[in-house]
Every structure is written in structure tokens, then in C-alpha cells.
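Values below: every heavy atom of this structure, side chains too, minus hydrogens, waters and symmetry copies. Below, read A as the first sequence line, B as the second, and so on, with proteins coming before strands; counting in each chain starts at 1.
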2 protein chains.
Amino acid sequence: MAKSKSTNPGSGATDQRILGAALESFGIKGYDQTSLDSLASSLGLTKQSILYWFSSKDELLAATIDMGARQLTEALQYQLSLPTEGWDRVEAVVKVIFRLAARRPELIGLVREVTRLGPPATTRMAEALEPLLKRASGFFELEMAAGRMRRHEPKLLLMTAYSAVTGMASDVEVLKALGEQQDARSFVRRRNELLRLLRDALVSERLEDR
Amino acid sequence: MAKSKSTNPGSGATDQRILGAALESFGIKGYDQTSLDSLASSLGLTKQSILYWFSSKDELLAATIDMGARQLTEALQYQLSLPTEGWDRVEAVVKVIFRLAARRPELIGLVREVTRLGPPATTRMAEALEPLLKRASGFFELEMAAGRMRRHEPKLLLMTAYSAVTGMASDVEVLKALGEQQDARSFVRRRNELLRLLRDALVSERLEDR
DNA sequence: GGCATTGTCTACCATATGGTAGACAGAGTT
DNA sequence: AACTCTGTCTACCATATGGTAGACAATGCC
């Protein structure tokens, strides 16, 4: 396992720099397409230094997953702490995720990549994100019970929203194939369209107030 | 390029057998995880025989994409030829796709994998599926113009539906992480839940008749 | 100063993999 | 029978890649 000697001088502990580069590369280029050599040289190191901190590529992936899940959770923390409810809350969270997808595409990419890799990587990510998922699931249940949203299976609703958001955020090539631009304005337009779609699916017209 | 000598005796032309195995393996295990050696040995051949029919792995992928897109199109052909309209048509098509996902998971997997690989593979797949996408896009526009569905951007609606369906169909590990079973009954339940979600999003309550 | 610890590097290694060169067997043709 | 074409195989190669072994410099402790 990693040495994790985080009390280090200099421009940041080496292991943290490695993790940062790994998150970037695993999330954007993918696990297979990331060689320890290229990762090391991008940091001005050699592969052996990486293997000093992380005893194998698999272990580096595991540590990267932990970090990615932590950052994802942290990014949502603030918004989730606000006492919003109903559709407004869904909208606010989706907006945070889209902002994240724009600013930190590697984070969303990592989630995608890890689900692709299968166990044990997927299992690890799933466990790390479990609290978040449980929270979301519980939220939907409450909203439905309160009659503010249409009845759906919370898990499958989550799954659909997850697929839609990550797809919209990371299936860049599919979007291009559909003739979609990639500039910031189109990005916001897509976000708003997805929100409208979700709202139409979740909020029954009788209860809408806008 | 391939020799494509389809007028051949025996249990099927070798190139077709290779393509079949490639579709299976690329779609399930992925492109990188499929070596020409393993592909060949699963066919009782050697790698060199594959390279006789397809001059490189990339070219094999291209041919596999063409075949996959063709099979996908064919699978939808019949349902699309029926004179249905409105929500019923959407539902019928989604059901066909889910059935396909159950019976030929490698086909959906290939689409997923190819979008991940980026150009030129993605471009090829996109071009091959373009007629299908255009048809779907036009259908939604007509339905919206006729007032049978809520107004949404057809392309983004398609993108969302695509993400949701392929996610539901191939993100098996995510589903497991959410505590979802993988038996046939759960599969149908997920399909029906997704359909309800889509219907709520697309069909306004004033126009529903069931 | 001596010594242990830490972190990085040079040198190698084993293996997997895409691809090339060319031998060779069988079938059809003349 | 000689010849050509087709399809498969054996042998080989170049390269990339994860990982091991151990040298070496710096740092801090005694």
C-alpha cells in the first residue's frame, strides 16, 4: 500500500502529485491507455518512483478512485448542505454536476472509466460513493412520499439520471455525431434541456408553480 | 482492406466467422482487451489468418463496426416499418432495443465501446447509424409539431434516451452497486420503469388517454 | 563523523502484442 | 504434370509495458 507520508516539504508531496496526474490521465485517456512511463515523465519522474509510492498500477488505480470519490463528494457537499427541497434541490445538484463536468472533466471521466473496468475497481468506487447514493435515494423517496414528485423507483431514477448526465457530459463524440457544438453556450443549453426533461418527468403539472 | 470472398463453402466464410467473434469480443471485453491471438485461438486459427483477411486490427474494428451497425439497423427495421405513431411507437422501439440488449449484449456493448474509442472509430459508427438517428430525430419533430409530445430539442432528447438505455443495458456493475438483481424479471421491471419515466417526460398529462 | 532512512534513478527482465516474411498444402486450370 | 492462386501455418521481430534489483545521493539522527 502507499506510504502516505503527507507531511512533506516542497511543492506538494510526491504521492499527491502522482495521484493528481493519475486522476487526470485515468479519467481522460483511460486506464489501459495510461502507461506508468508516460505518467511518470509527465511529472518529471521515472516509473520506478511511482512504483515506490504505489506498489502496482492496480494499487495506484485504487488510490485514485478513493481520491476521485472524495473530491466528488466534496464538490457536492456544499450544495447538499443547503436546506432546499423538491425540484429546486434536484436542479441545483444537477447544475453542480454539470459545472463539475465542465471544470473537472477527468472526475466524471474517471467514474465512467471505472464502471467500465469492472470489479474490483467498480466495487471500490461504488462503496466510496455509497453514502452519496443512499442519500439521493432517500431524498427521492421523501419527495415522492410528500407528493412533490411523481412516483418512480428511486434507484432506477438515479440510474437514469446518472446515465443521462454522464452521457451528456462525457460522450463528446456522440454529441459531435449529432451535430452538437462543444462551446460553453451549447453546454449550458444542453444542461437546461436535460433539466427540462427531468423536470417534466418528475414534476407533475398539477404541482408546478412556474 | 478485407478480401470479402463471401462465396465460400464450409461452415461459413472465414472472414464472417472472424467478424462474428470480433463483434462478440470487442463488444463484451472491449477493443484493448481483445488480442488478435486470443481472438484467433477462439476460432481455432492463428493470428496470421486474421491478418490475412483484415490487414490490421484497426481494419478489423472498422469492419466490425460496419457489421454491428448493419445488424442494429436490421433489428429495428421491422418495428420501424409498422405504421405506429405517438408514444406507442417510442415504447415499441425501446422494447426492441431492450430485447436486443438482453439477447445480443455485445451489440450494445460495441456501440458503447466505440464511442469510448474516439475517432476514427466513433466517426465510422456515427456515419453508419446516421440514417437511423435522422429518422428518429425527424419522428420526434413531427410528434412535437402534432402536439402529441412535449416540446424538447430532438437531438438532446435522443442523446438522453440513448444514454439512459445503453446505461441501463450495459452498466451492469453500476446496477449491482445499487443493489439491482440481474435476473430476467428485474430486467423487465427496469425496462418498464424507464418507459414510465420517458413517458412522463414526453407525454403531457392532458393528452394521455390511458 | 558514522549510520540508517528516504526517495529517486539506472539497468534489466519477462511478457504480451501487433505485425512481417515466407514456407507449404490443396484445389483448380491448362 | 506443371503452374498458379488461396488460405493457413511456423518462425520471427520490434515495441510497449508492468515490475524487480540494486546503486546512489540527500537528510537527519546519534
Side-chain angles (χ1 to χ4, degrees), chain A residues 1-26 28-65 113-114 117-118 120-121, chain B residues 1-26 28-65 113-114 117-118 120-121:
Chain A
M1 56 185 86
K3 308 288 185 296
S4 81
K5 188 189 177 194
S6 39
T7 56
N8 232 19
S11 70
T14 306
D15 56 346
Q16 294 306 308
R17 289 179 59 222
I18 294 172
L19 280 176
L23 174 55
E24 175 91 17
S25 193
F26 289 161
I28 301 293
K29 297 181 6 184
Y31 182 71
D32 295 322
Q33 296 307 315
T34 299
S35 74
L36 292 183
D37 278 316
S38 68
L39 205 56
S41 79
S42 81
L43 288 166
L45 291 176
T46 60
K47 171 175 52 180
Q48 288 69 19
S49 291
I50 295 181
L51 289 169
Y52 170 76
W53 292 99
F54 305 92
S55 64
S56 73
K57 194 184 177 183
D58 274 350
E59 199 202 302
L60 174 60
L61 175 64
T64 306
I65 290 173
E113 174 71 357
V114 168
L117 291 171
Chain B
M1 55 183 85
K3 308 288 186 296
S4 81
K5 187 185 178 197
S6 40
T7 56
N8 231 21
S11 69
T14 306
D15 55 347
Q16 294 305 309
R17 289 180 59 224
I18 294 172
L19 279 176
L23 175 55
E24 176 91 17
S25 193
F26 289 162
I28 300 293
K29 297 184 4 186
Y31 182 72
D32 295 321
Q33 297 307 315
T34 299
S35 74
L36 293 182
D37 278 316
S38 68
L39 205 57
S41 79
S42 81
L43 288 165
L45 292 176
T46 60
K47 170 175 54 182
Q48 287 70 19
S49 290
I50 294 180
L51 289 169
Y52 170 78
W53 291 100
F54 306 91
S55 64
S56 72
K57 195 184 176 184
D58 274 349
E59 199 201 305
L60 174 59
L61 175 64
T64 306
I65 289 172
E113 174 72 356
V114 168
L117 291 171

Run the side chain to side chain contact (heavy atoms under 4.5 Å, CB included) test against A:Thr34 and tell me which residues pass, sequence neighbours left out.
A:Ser25, A:Phe26, A:Lys29, A:Leu39
What is the distance, to the nearest angstrom, from the CZ atom on B:Arg17 to the C1' atom on D:dT8?
12 Å
Whole-Å gap separating P (D:dT17) and CG (A:Asp58):
16 Å
Return the value, rounded to whole Å, for the distance between atom CG of B:Leu51 and atom C1' of D:dC12.
14 Å
Just to verify, what does B:Thr46 make a side chain to side chain contact (heavy atoms under 4.5 Å, CB included) with, not counting sequence neighbours?
B:Gln48, B:Ser49
Roughly how many Å is it from CD1 in B:Ile50 to C1' in C:dT17, rounded to a whole number?
13 Å
Look at A:Trp53 and C:dT8 and indicate whether a side-chain polar atom (N or O) is within less than 4.0 Å of OP1 or OP2.
yes
Pair listing, salt bridge (Lys or Arg N to Asp or Glu O under 4.0 Å) test, anchored in residues 30-39 of chain A, at least two apart:
A:Asp32-A:Arg116, A:Asp37-A:Lys47
Report yes if at least one side-chain N or O of B:Ser56 is closer than 4.0 Å to OP1 or OP2 of C:dG18; otherwise report no.
no
side-chain N/O B:Tyr52 vs D:dG7 OP1/OP2, d < 4.0 Å
yes
In chain order, what residues pass the side chain to side chain contact (heavy atoms under 4.5 Å, CB included) check against A:Ile28, with sequence neighbours excluded?
A:Glu24, A:Pro105, A:Glu106
Quick one: is B:Ser55 getting a side-chain N or O under 4.0 Å of the C:dG19 phosphate, OP1 or OP2?
no
In residues 32-49 of chain B, which ones come under 4.0 Å of DNA chain D, going by heavy atoms?
B:Gly44, B:Leu45, B:Thr46, B:Gln48, B:Ser49
Taking atom P of D:dG18 as reference, at what distance in whole Å does atom NZ of A:Lys57 sit?
4 Å
Nearest-0.5 Å distance that lies between atom CZ in B:Phe54 and atom CG in B:Leu19
3.5 Å
Contacts of A:Ala121 that satisfy side chain to side chain contact (heavy atoms under 4.5 Å, CB included) - sequence neighbours left out:
A:Leu61, A:Ile65, A:Val114, A:Leu117
